[in-house]
Amino acid sequence: MVTLASEHPTATSPYAREERLTSWFVGVAIAAVAVGMLIGFLQSLEHAGIDVYPYLQPFIHSYYQGLTLHGVLNALVWTTFFICGFMIYIAVHAYKRPLTQPGLADATFWMMLVGVVMAAIPMLTNDATVMFTFYAPLLAHWSFYLGLTLVVAGTWFVTLVLALTHVAWRKEHPGERTPLAAFMALATFAMWSIASTGLASEMIFFNLPLSLGIVEGTNPTLARTLFWLTGHPIVYFWLLPAYVSWYTLVPRQVGGKLFSDPMARVSFIMFLLLSTPVGLHHQFTDPGISETWKLVHAFGTFAVFFPSLLTFFNVVASLESGGRARGGKGIVGWIFKLPWNDPTVTPQILAMLLFAFGGIGGLINASYIVNLAIHNTAWIVGHFHLTVGAATTLSFMSISYWLLPRIMGRELWAPKLAMAQGWLWFGGMIIFSNALHRLGLLDMPRRTAIGMAPYLRDGSIPVAQEWLPILPFVAIGGTILMISGVLYILVCAMTAFASKRLMVPLPPMQFSETQAGPEHGAAILDRWRPWVTAAIVLVIVAYGPTLLELLATTSMNAPGRRVW
Ligand code: HAS
Ligand code: CU
């Protein structure tokens, strides 16, 4: 691992060690998404009837092994490693102090890296073709489960490192409000640490014992319920770091100020409270779970919609302050004054635009009755490519263009190419996601090698004829996304290792100023105990009855299945 942080001008940074750790995390994240995006391109070709997998033997055996690699590398590794690196960077610059336990932070990185390698090997040997949700009773090699468990455990250590640093900062700054960006980083990891207990329980009590042959069977419904206890809040673990940038960096980058600091804190506290007790909205069609609790979770899902609506309002108002500060006039004139050619900002605004549609789609998903029409269809794939594939991924790409020069001590390579990459991702995602949404409304199933399915063309399923004219657009969008992805990897690699060294360190990092500052918010917004306690109580109330009922009414009698 190249320890560049000590070799470049920013080595004078008081946080050189943390910046080096950030470069490790971000380096692994970019390597993962490079492979994951390429495989995604092959998946999109398959939908258009171009099946390259026979030519990739013995490296990738099937569409389903490709889908597992695509989902795990992009949705689990790219996100988690980028988030750990970015949030550590943000925290030390917001607290203006180094981590209290840098050694533990470094060790956590290595533990998580070992976890990724452990999970990757069985995926590559076709011994873990279980998709990124690894639903029981599908059964992968035990090292896949142990590897992912190490990654999750690593995120708990990141939470610990951030919390200990917070305590130290608190002692050094009695009575001061937590800097907003640090507050947000901590809230993100606190929410995630509560949420990931579901996944950890599934691994420890179900998947690992079964895959190690310690138990004969598993309990699919209970395992799925524990998975989705984590499975919904994980999307906010992916989203909130992008929000940290939209709230605390982008307003300054567009020349404006954040509209309201207290409103931003309320939004993150609502995510801390409401992200986890809503996961049954992924299981509306699951048997064995009471309709009452499914409905309670549906209402909870509508409630967790609100912190994003607050974000919508707060962020757009902040963009407007920037647009007007740059001379924008009239009701919409300010929009054209935003820095549309700045690759460290514009792709994030494009990500916001895509996310607005992804979010509306999420509301449709959450509608108990309407969900029956789109559940397990291509619609869902369209939804999450607008959310994790755009709100998160396109924002992280743009943040990379800002972060890499700071931690690698080199200029951003080919800024115009970086900007083109952002616009290509935006355009490609519109084509790709729109096609999938439309196919989903025509009942096309997700997670299916549809391009090669005989029924696609033999007329045995009449509605399939309506998919045929739309499927090529999945490949067209996927191809544009692949070109954009290659440009992203190219710009990042050249920036990290080959572009001009910064002969003078960049100016110290600055967060956005605010129009309404932290002092305008209630002091309780800056306390953790009440909110974390309430969050845990809400999870117990929302899930306790269902988990107890499943424990009483279902058993571990489903043998593990290897269906590939
Ligand atoms: Fe979702 C399924 C509901 C958000 C990801 N979601 C998924 C899956 C994934 C995923 C990966 O209720 C599939 C999992 C699987 O494999 O089965 N989702 C929601 C709801 C929200 C939501 C209500 N999802 C996300 C986010 C994700 C994500 C965020 C990743 C990062 N989702 C569901 C449901 C399902 C589901 C069901 C299960 C479906 C099924 O049946 O399987 C909400 O949180 C969305 C709130 C968002 C908004 C938008 C706010 C807009 C903002 C930007 C404003 C700025 C602008 C800029 C427009 C309210 C903040 C303006 C620009 C100028 C220049 C002015
Ligand atoms: Cu969800």
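Counting starts at 1 for both ligands and their atoms, in listed order.
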Practice item. State the atoms of ligand 1, each with its element, that fall below the 4.0 Å cut-off from a heavy-atom position in Ile349. Key: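 It comes down to these atoms of ligand 1: 62 (C), 64 (C).
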
Point to revise | Sub-4.0 Å atoms of ligand 1 with respect to non-hydrogen atoms of Thr392 | key: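 Near Thr392, the atoms of ligand 1 are 31 (C).
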
Please report, to 0.1 Å, the donor-acceptor pairs under 3.5 Å made by any side chain of residues 82-89, with sequence neighbours excluded.
residue: Tyr89; atom: OH; partner: Arg406; partner atom: NE; Å: 3.1

Tell me if the aromatic rings of [X] and [Y] count as close, with their centers under 6.0 Å from one another.
X      : Y      : answer
Phe432 : His385 : yes
Tyr236 : His232 : yes
Tyr243 : Trp246 : yes

Check your understanding: For Phe302, does the CZ atom have more than 12 heavy-atom neighbours from other residues, nucleotides or ligands under 6.0 Å away?
Key ->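 Atom CZ in Phe302 is crowded, with more than 12 foreign heavy atoms closer than 6.0 Å.
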
**Study point:** Short side-chain to backbone donor-acceptor contact, Ser367 and Val370, under 3.5 Å
**Key:**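 No, because the side chain of Ser367 does not come within donor-acceptor range (under 3.5 Å) of the backbone of Val370.
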
Exercise for review: Determine yes or no for a side-chain-to-main-chain donor-acceptor pair under 3.5 angstrom, with Thr248 supplying the side chain and Phe511 the backbone.
Suggested key: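 Side chain of Thr248 to backbone of Phe511: no pair is present.
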
Exercise for review: State the count of protein N/O/S atoms located less than 2.8 Å away from atom 1 (Fe) of ligand 1.
Suggested key: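 Counting protein N, O and S atoms closer than 2.8 Å to atom 1 (Fe) of ligand 1 gives 1.
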
Practice item. Everything protein-side that's N, O or S and under 2.8 Å from the Cu ion (ligand 2): list it, residue and atom. Key: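 Under 2.8 Å from the Cu ion (ligand 2) - ignoring waters, which are not counted - the protein N, O or S atoms are His232 ND1, His281 NE2, His282 NE2.
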
Practice item. Give yes or no for whether the N/O distance cutoff of 3.5 Å, strictly under, is met between Ala366 and ligand 1. Key: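 N/O-N/O distance under 3.5 Å: yes.
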
Review point. Quick check: does Thr311 get an N/O under 3.5 Å from an N/O on ligand 1?
Key: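 Thr311 vs ligand 1: no N/O contact under 3.5 Å.
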
Check your understanding: Of the backbone atoms (N, CA, C, O) and the side-chain heavy atoms from C-beta on, which set of Val388 has a member under 4.0 Å from an atom of ligand 1: side chain, backbone, both, or neither?
Key ->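 For Val388, backbone and side-chain atoms both sit under 4.0 Å from ligand 1.
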
Check your understanding: Any idea which part of Phe302 is under 4.0 Å from ligand 1, heavy-atom wise: side chain, backbone, both or neither?
Key ->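 Neither part.
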
Exercise for review: Sort and list the pairs that fulfil side chain to side chain donor-acceptor pair (under 3.5 Å) and have at least one residue in residues 332-344, not counting sequence neighbours.
Suggested key: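 Qualifying pairs, neighbours excluded: Asp342-Thr344.
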
Practice item. May I ask you to decide if the ring planes of Phe284 and Tyr368 are parallel, tilted or perpendicular, using 30° and 60° as cut-offs? Key: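 Rings of Phe284 and Tyr368: tilted, as their planes differ by 30° to 60°.
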
Exercise for review: Identify, for atom 65 (C) of ligand 1, the protein heavy atom at the shortest distance, and state residue, atom and that distance.
Suggested key: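 For this ligand atom, the closest protein heavy atom is Trp334 CH2, 3.7 Å.
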
**Study point:** Protein heavy atom at shortest distance from atom 21 (C) of ligand 1
**Key:**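 Nearest protein contact, heavy atoms only, for atom 21 (C) of ligand 1 is Tyr236 OH, 3.8 Å.
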
Point to revise | Test side-chain hydrogen bond (donor to acceptor under 3.5 Å, both in side chains) applied to Thr554 and Thr225, Thr221, Asn219, the passing residue | key: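 Of the listed residues Thr225, Thr221, Asn219, the side-chain hydrogen bond (donor to acceptor under 3.5 Å, both in side chains) partner of Thr554 is Asn219.
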
